[in-house]
Trainee: 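For reference, the structure I am asking about is given below.
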Amino acid sequence: MSYELTTGAIEQIMTGEAVVKPVLQVLGSKMIAGSGGADRYRLLLSDGKYSHSSAMLATQLNNLVINGEMETFTVIQLEKYICNTIQPGRRVMILLEVTIIASGATVGKKIGNPQQFKAGQTSNEQAQSENKPVVQQPVQNSRTPLSSNMNNGPATPHRGLSSGMKVSQNAPNTPGGTPGKVHPISSLTPYQNRWCIKARVTNKSAVRTWSNSRGEGKLFNMTLLDDSGEIRATAFKNEVDKFYDMIEINKVYFIRKATLKTADKRYSSINNDYEMTFNQETEMIPSDDDKSLPSLSYNFIPINELEKHDSGSVIDVIGVVKHVADLSSVIGRQSNKEVKKRDVQLVDENKVLVRLTLWGNDAETFDGSSNPVLVVKGCRLSDWGGRTLSALASSQISINPDIPEAHRLRGWYDTAGHSADYSEFRSDGQGPSGSGFSTNWKSFADIKGMAVSENKAEYFTTKGTIIFLRKENCMYQACPQPDCNKKVIDQSNGFFRCEKCAKEYPNYKWRLILSANLADYSDNQWVTCFQDTAEAILGKSGEELGQLRDQDENAFDRIFTEATFKSYVFKMRAKVEPYNDEARLKTICMSATPVNFVDYSKKLITDIEAMLAA
DNA sequence: CCCCCCCC
């Protein structure tokens with residue numbers, strides 16, 4: 001098998017031309033030790049004609065080298081890169097995203113007979129000597145909305161790079177700096193440090209304080225927008241004092257000398273791969289309002305496309321409120337506090353319905369009569385029951401906003417949408433979702449590989465078999481009060497003391513807490529079964545088991561033997577919890593239902609069909 | 001350097 005490289009790409013890139021997704025071969029890599037674990041890798045790349053060693057791997061891709069996926073002779077495709085001029089005639093490529101086309105072992109040899117590329121060996125080298133990054137097309141594409149059909153309104157400022165890259169307005173002279181050119185937000189990367197943007201502040205959070213094992217402090221976030229894109233910025237401590245009061249939502253500022261880093265999509269819906277952190281050097285200077293700067297930016301995900309996005313990510317959504325549930329409340333598992341909630345159903349033209357949960361004040365004050373158009377900027381996407389949405393404290397919620405998308409949805413709903421049929425998300429391919437039948441099929445291996453985030457429980461369903469039940473300590477003497485299951489202390493005088501009720505009782509009840517090792521097709525897992533599930537698995541009540549243990553040990557043992565190697569559909573709750581300074585996956589079995597083989601076979605057939613279609 | 005956002 002031979003692999004074709006993009007011959008001539010290195011020369012083109014090094015002379016400032018944008019080459020879209022070139023295919024190159026790795027001929028070597030070298031670690032450049034950095035401070036504080038910030039090692040970088042420099043690569044020798046070849047296009048078959050020329051080789052060049054001025055290519056740096058973005059640090060988030062370091063693992064590719066560490067794992068050996070970039071060994072010598074590997075053929076790669078550059079999905080995203082930028083090329084910066086360090087000094088006239090000296091360019092450095094930074095690889096931001098690569099696809100491995102073929103491993104070094106598979107290729108096994110150097111392709112072609114590449115010569116070392118030297119700056120200045122071509123005629124157009126002088127054309128590009130400005131210190132301005134040349135960004136190749138796919139970088140720009142990555143910023144265009146995923147939902148183009150819903151993003152063409154004037155309120156969404158995602159223009160092409162050519163207009164975004166215009167360098168027309170000068171930043172002001174400041175005591176601390178020299179005049180500079182205004183850069184588009186979309187061109188900012190962690191790999192350049194001399195830039196100035198002119199942006200409108202479209203959102204500004206309250207000041208928040210934190211305190212954790214790494215320290216404490218205060219911070220606030222803001223969103224900055226220009227006609228090329230948007231970026232999230234965070235200011236901490238001193239910078240909060242310095243900037244918080246002077247920053248006003250909707251005003252325009254020149255900003256420079258902040259730190260750029262890779263954005264974490266779990267925490268924001270801002271359409272940018274990077275985010276900004278203010279530092280002691282950062283300058284933010286008010287400007288006259290520039291009416292050419294847009295004032296709103298949404299990256300709406302159509303409801304039927306929510307499945308294409310990662311569970312846990314933060315997204316923007318727009319829909320008509322088809323149904324509003326009554327206000328209700330739940331007890332937070334973590335906080336143990338009561339929280340108000342309200343579920344609404346959102347629909348759009350694609351005829352898919354999704355549940356959105358509003359919390360706290362948003363839930364209490366929400367008026368969904370008259371089927372308003374609801375816009376939520378920054379709500380969390382979850383895969384509970386297929387796909388559901390949950391508003392966050394940071395979500396910006398707007399009812400019937402004056403934007404084109406909202407007007408279009410209004411017209412559509414009033415004419416057709418109100419009487420249309422909608423499909424709902426479901427993760428199991430069977431049974432109506434939203435009717436307490438929600439299922440999130442995942443294997444034990446899936447869950448272990450997901451690195452379930454702390455504080456957030458993952459609910460999932462798997463078909464598995466009991467392979468071991470621990471008889472020891474599977475039950476305890478509990479407080480006889482109906483709602484108190486606290487363990488009692490035997491006073492050895494015929495009374496049992498409950499510390500929670502601060503009372504002594506002449507009796508107790510048996511409660512089960514059964515450790516079980518379950519196996520599914522992928523892996524096995526120790527799980528905890530409390531009263532109801534333990535009774536279901538053992539086929540005996542806690543009281544019966546308690547008596548049996550004291551009266552007939554053989555019969556007691558037999559119950560465990562007989563319960564072992566039976567299969568069930570298990571509903572589980574998995575969560576990473578700290579345990580002696582280490583994070584452990586704690587899994588609780590919520591229910592164990594005998595396998596309905598007709599239903600389960602149907603599910604398997606659906607899964608197989610989906611695999612074949614993919 | 002935050003990043004919790006709750007329930008099934």
Side-chain angles (χ1 to χ4, degrees), chain A residues 36 204-223 232-240 244 258-259 261-270 275-280 282 312-315 325-344 355-364 376 378-397 424-428 431-440 453-461 571-578 588 590-591:
Chain A
K204 171 184 152 184
S205 76
V207 176
R208 253 197 358 265
T209 57
W210 86 88
S211 174
N212 61 28
S213 59
R214 287 185 295 277
E216 55 181 62
K218 59 181 174 180
L219 72 126
F220 74 100
N221 299 301
M222 71 207 101
T223 307
R232 184 187 194 222
T234 306
F236 292 94
K237 299 173 191 176
N238 292 340
E239 286 70 54
V240 175
Y244 191 79
T259 309
K261 60 167 193 171
T262 305
D264 189 329
K265 300 286 178 195
R266 285 175 302 173
Y267 302 124
S268 124
S269 66
I270 301 304
E275 61 185 34
M276 204 181 267
T277 303
F278 281 20
N279 59 47
Q280 66 273 25
T282 301
S313 60
V314 173
I315 57 115
D326 290 339
L327 189 65
S328 62
S329 70
V330 295
I331 308 292
R333 221 175 257 275
Q334 192 78 9
S335 62
N336 226 22
K337 284 191 190 133
E338 188 192 50
V339 199
K340 297 267 187 273
K341 68 162 240 187
R342 190 193 297 275
D343 286 343
V344 305
R355 190 185 78 187
L356 164 72
T357 304
L358 303 172
W359 299 96
N361 192 48
D362 292 331
E364 289 184 55
V376 186
C379 61
R380 170 156 282 130
L381 178 61
S382 139
D383 60 4
W384 178 261
R387 280 292 187 267
T388 42
L389 298 169
S390 180
L392 307 172
S394 56
S395 301
Q396 278 178 274
I397 296 171
E424 300 182 32
F425 287 103
R426 56 194 59 170
S427 54
D428 56 357
S433 67
S435 60
F437 207 79
S438 300
T439 314
N440 178 28
S453 69
E454 275 194 56
N455 298 313
K456 174 76 182 157
E458 182 71 21
Y459 292 84
F460 68 102
T461 302
K571 291 206 173 183
M572 316 292 279
R573 175 177 189 275
K575 195 178 168 193
V576 170
E577 287 180 2
I588 291 166
M590 312 286 286
S591 74

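Per chain, numbering begins at 1; letters A, B, ... match sequence-line order. These numbers were taken from a predicted model, which means no experiment stands behind them.
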Trainee: Among A/Lys340, A/Lys341, A/Glu338, which residue satisfies the side-chain hydrogen bond (donor to acceptor under 3.5 Å, both in side chains) criterion with A/Ser329?
Mentor: A/Glu338
Trainee: Is A/Lys341 near enough to B/dC8 that one of its side-chain N or O atoms lies under 4.0 angstrom from OP1 or OP2?
Mentor: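 Indeed not, no polar side-chain atom of A/Lys341 lies that close.
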Trainee: Pick base, sugar-phosphate or nothing for A/Lys261, based on heavy-atom distances below 4.0 Å to the nucleic acid.
Mentor: base
Trainee: Using only side-chain N and O atoms of A/Trp359, determine if any of them is under 4.0 Å from OP1 or OP2 of B/dC6.
Mentor: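 Result: yes.
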Trainee: Across the strands shown, which category fits A/Arg232 at heavy-atom distances under 4.0 angstrom: base, sugar-phosphate, nothing?
Mentor: base
Trainee: Taking only residues two or more places apart in sequence, or in another chain, which ones meet A/Arg208 in a side chain to side chain donor-acceptor pair (under 3.5 Å)?
Mentor: none
Trainee: Could you state the CG-C1' distance from A/Leu392 to B/dC3, rounded to the nearest angstrom?
Mentor: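 One finds 10 Å between C1' of B/dC3 and CG of A/Leu392, rounded.
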Trainee: Measure from OH on A/Tyr459 to P on B/dC8 and round the result to the nearest Å.
Mentor: 5 Å
Trainee: For A/Ser390 and B/dC6, is the shortest distance between a side-chain N/O and OP1 or OP2 below 4.0 Å?
Mentor: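 Indeed, a polar side-chain atom of A/Ser390 lies that close.
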Trainee: Separation of A/Trp210 atom CH2 from B/dC4 atom P, in whole Å?
Mentor: 13 Å
Trainee: Of all the heavy-atom pairs spanning A/Lys218 and A/Trp210, show the shortest one and how long it is.
Mentor: N-CZ3, 3.3 Å
Trainee: Starting at CD1 of A/Ile588 and ending at P of B/dC7, how long is that distance when rounded to a whole Å?
Mentor: 12 Å
Trainee: Rounded off to whole Å, could you give me the CD1-to-C1' distance for the A/Ile397 and B/dC5 pair?
Mentor: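 These atoms are roughly 12 Å apart.
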Trainee: Taking only side-chain nitrogens and oxygens of A/Tyr267, does any of them come within less than 4.0 Å of OP1 or OP2 of B/dC5?
Mentor: no
Trainee: How close or far is atom C1' of B/dC1 from atom CZ of A/Arg208, stated in whole angstroms?
Mentor: 12 Å
Trainee: Could you work out, with side chain to side chain donor-acceptor pair (under 3.5 Å) as the rule, every residue matching A/Thr259, not counting sequence neighbours?
Mentor: A/Asn279
Trainee: When the distance from CZ of A/Arg214 to P of B/dC3 is rounded to whole Å, what number comes out?
Mentor: 9 Å
Trainee: Across the strands shown, which category fits A/Glu275 at heavy-atom distances under 4.0 angstrom: base, sugar-phosphate, nothing?
Mentor: base
Trainee: Any N or O donor-acceptor pair under 3.5 Å from the base of B/dC8 to the side chain of A/Arg355?
Mentor: yes
Trainee: Indicate yes or no for a side-chain donor-acceptor contact from A/Lys204 to the backbone of A/Tyr244 under 3.5 Å, with no hydrogens or angles considered.
Mentor: yes
Trainee: Select one nucleotide: of B/dC2, B/dC8, B/dC1, the one nearest the side-chain heavy atoms of A/Leu219.
Mentor: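 Nucleotide nearest to A/Leu219's side chain: B/dC2.
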Trainee: Quick one: label A/Lys237 by what it contacts on the DNA or RNA (base, sugar-phosphate, nothing), any heavy atom closer than 4.0 Å.
Mentor: base
Trainee: Give the rounded distance in Å between these two atoms: CG of A/Asp343 and C1' of B/dC8.
Mentor: 9 Å
